Amino acid sequence: MSVPKVAAVHDLSAYGRCSLTIILPTLAAMGVQCCPVLTAYLSTHTGGFQGNTFLDLTDQMGPLTSHWKRLDLAFDGIYTGFMGSAAQLERTADFIRAFQSPGCPVIIDPVMGDHGKPYRTYTTEMCQKMEKLTALADIITPNRTEAAILLGVGYAALRLDSEPESCRWAERLSANGIRSVVLKGVSLRPGRIGAVCFDRETGCTGFVDAPQMPGQFHGTGDLFASVLTGALVRKWSLIDAARLAAEFTSLCAKAQGTPCREGLDFEPQLWQLGRRMAHA
Ligand code: PXL
C-alpha cells in the first residue's frame, strides 16, 4: 500500500504542543505522510502563554498552491485548523478548491474557541469566514463553542448531555446532510466524554466516548482531529475513526494526569497508535 498523503493547512507553534507539533508525529505514527501548508510560525500557542511572536506566512500560501498545482500533486486528504487572520481563511479556501477531488476528504476543524468564548485572536469577521469555509468541508469537527458559533445559537442552548439532543445538533451542523460531522465534547454519562457523529454516507448518527480526565488539556482538539484524519485516510469508517480518536486522546490524558498549557505528553503513547493501525 502506498503511503497516504495529507495536506495540513496549519500553523507551527514552537513551544506548547498544538497544531503541527501534534499533527506531524501523529500522522507519521499512523503511517500517513503529512505535507504542511504553513500558515504562520509562532513562538508559542496563544492559549496560556502571553506575548507570543507571530510570523504571518499568508503570503506564501498562494505561491505554494500554484507551485503544487504546476507539479500536479494530489492528496488523499486535506486537513485544516487554527487560522491566524481573515486573509488566511481566504487562501485556505483557494487551496481547498485547487486540490479537492473525489477520494480526498476535506476535514475542517473549525478552530475558533472553547468554553463558550472565541479565542482572543479570533475576530467576528474571522468567525464568519470560518463559517463560510465549512461549506467546502466533507467533515467538520467542532467542539460545543464552535458548533454554537457555526449555528448562530447561544452556547447555553447547545446542550450536549442527552443523546437525542446531541444527535439533533450534529444533524443541523451537517447542513441538510451534505457533510459529515464529528461534534466533540458530548458527555452522556458522568466521567465519560466523546463525540456524536453524523455520517453523510449512511445518514446515521452514532456516539463514541472514553474516560474523561478532570481538567483541561491544551491541544486535545488537535490530537483528536489528527487521529481522526489519519484513520479516515487509512479508510476507516467515520465512527471507527472517531472512536480511535476519543480513546487515544483519553489514553494520553490518563497517562499524563496533570493538565497544563504545554499540552498532552502524547509522544510516549504514539507506539500504541501505530500498533492499532498495524492490527486494523
Ligand atoms: O489548538 C489550536 C491552536 C492552534 N494553533 C495556535 C493556537 C491554538 C489554540 O489556542 O493558539 C497558535
Side-chain angles (χ1 to χ4, degrees), residues 6-27 34 36-58 60-61 78-89 91-92 95 107-123 126-127 129-130 133-134 137 139-150 155 182-185 193 195 213 215-230 245-246 248-250 252-253 256 259-267:
V6 168
V9 187
H10 288 265
D11 63 276
L12 181 65
S13 292
Y15 193 85
R17 298 174 188 84
C18 73
S19 44
L20 282 168
T21 56
I22 294 178
I23 301 162
L24 279 157
T26 302
L27 289 180
C34 175
V37 179
L38 200 55
T39 56
Y41 174 57
L42 294 82
S43 51
T44 64
H45 61 67
T46 63
F49 297 98
Q50 295 296 322
N52 59 276
T53 65
F54 182 87
L55 175 64
D56 190 350
L57 296 172
T58 311
Q60 289 295 309
M61 294 173 72
I78 298 172
Y79 163 34
T80 76
F82 179 93
M83 294 288 149
S85 68
Q88 235 167 58
L89 280 141
R91 295 294 79 73
T92 301
F95 181 87
I107 300 137
I108 296 188
D109 188 4
V111 176
M112 288 184 282
D114 214 349
H115 315 298
K117 289 199 299 271
Y119 292 129
R120 65 177 161 84
T121 55
Y122 269 73
T123 61
M126 286 174 69
C127 293
K129 284 202 174 353
M130 184 67 91
L133 188 72
T134 58
I139 300 148
I140 58 169
T141 60
N143 62 26
R144 181 178 166 198
T145 304
E146 292 151 356
I149 297 173
L150 291 176
Y155 178 71
V182 178
L183 174 56
K184 299 173 298 189
I193 185 105
M213 298 302 130
Q216 304 301 324
F217 297 83
H218 196 88
T220 48
D222 293 331
L223 185 62
F224 184 102
S226 301
V227 175
L228 183 89
T229 300
F248 187 68
T249 306
S250 166
C252 292
Q256 173 160 334
C260 74
R261 64 186 183 174
E262 295 185 21
L264 290 171
D265 294 336
F266 69 98
E267 295 90 346

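Numbering of ligands and ligand atoms starts at 1, following listing order. Quantities reported herein were computed from a predicted structural model and do not represent experimental measurements.
- Listed here is the closest heavy atom pair of Met130 and Val111: CE-O, 3.4 Å.
- With hydrogens and angles disregarded, a donor-acceptor distance shorter than 3.5 Å links the side chain of Thr39 to the backbone of Asp11.
- Sorted by first then second residue, the salt bridge (charged side-chain N to carboxylate O under 4.0 Å, His left out) pairs that include residues 15-26, not counting sequence neighbours, are Arg17-Asp265, Arg17-Glu267.
- Proximity of a side-chain donor or acceptor of Asp114 to a complementary backbone N or O of Thr145 within less than 3.5 Å is not detected.
- Residues Ile149 and Cys127 come closest through the heavy atom pair CG2-CB, 4.0 Å.
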Write out each pair where an N or O from ligand 1 and one from the protein are under 3.5 Å apart, with the distance.
| from | atom 1 | to | atom 2 | distance (Å) |
| --- | --- | --- | --- | --- |
| ligand 1 | 1 (O) | Asp222 | OD2 | 2.7 |
| ligand 1 | 5 (N) | Asp11 | OD1 | 2.9 |
| ligand 1 | 5 (N) | Asp11 | OD2 | 3.3 |
| ligand 1 | 11 (O) | Thr46 | N | 2.8 |
| ligand 1 | 11 (O) | Thr46 | OG1 | 2.6 |

Discussion item. Let's go through Tyr155 and His115 carefully: what are the C-alpha distance in whole Å and the side-chain angles of both, what is the deciding distance for ring pair (Phe, Tyr, Trp, His ring centres under 6.0 Å) to 0.1 Å, and is it a yes or a no?
Written reply: CA-CA 9 Å; Tyr155 178 71; His115 315 298; 8.3 Å; no

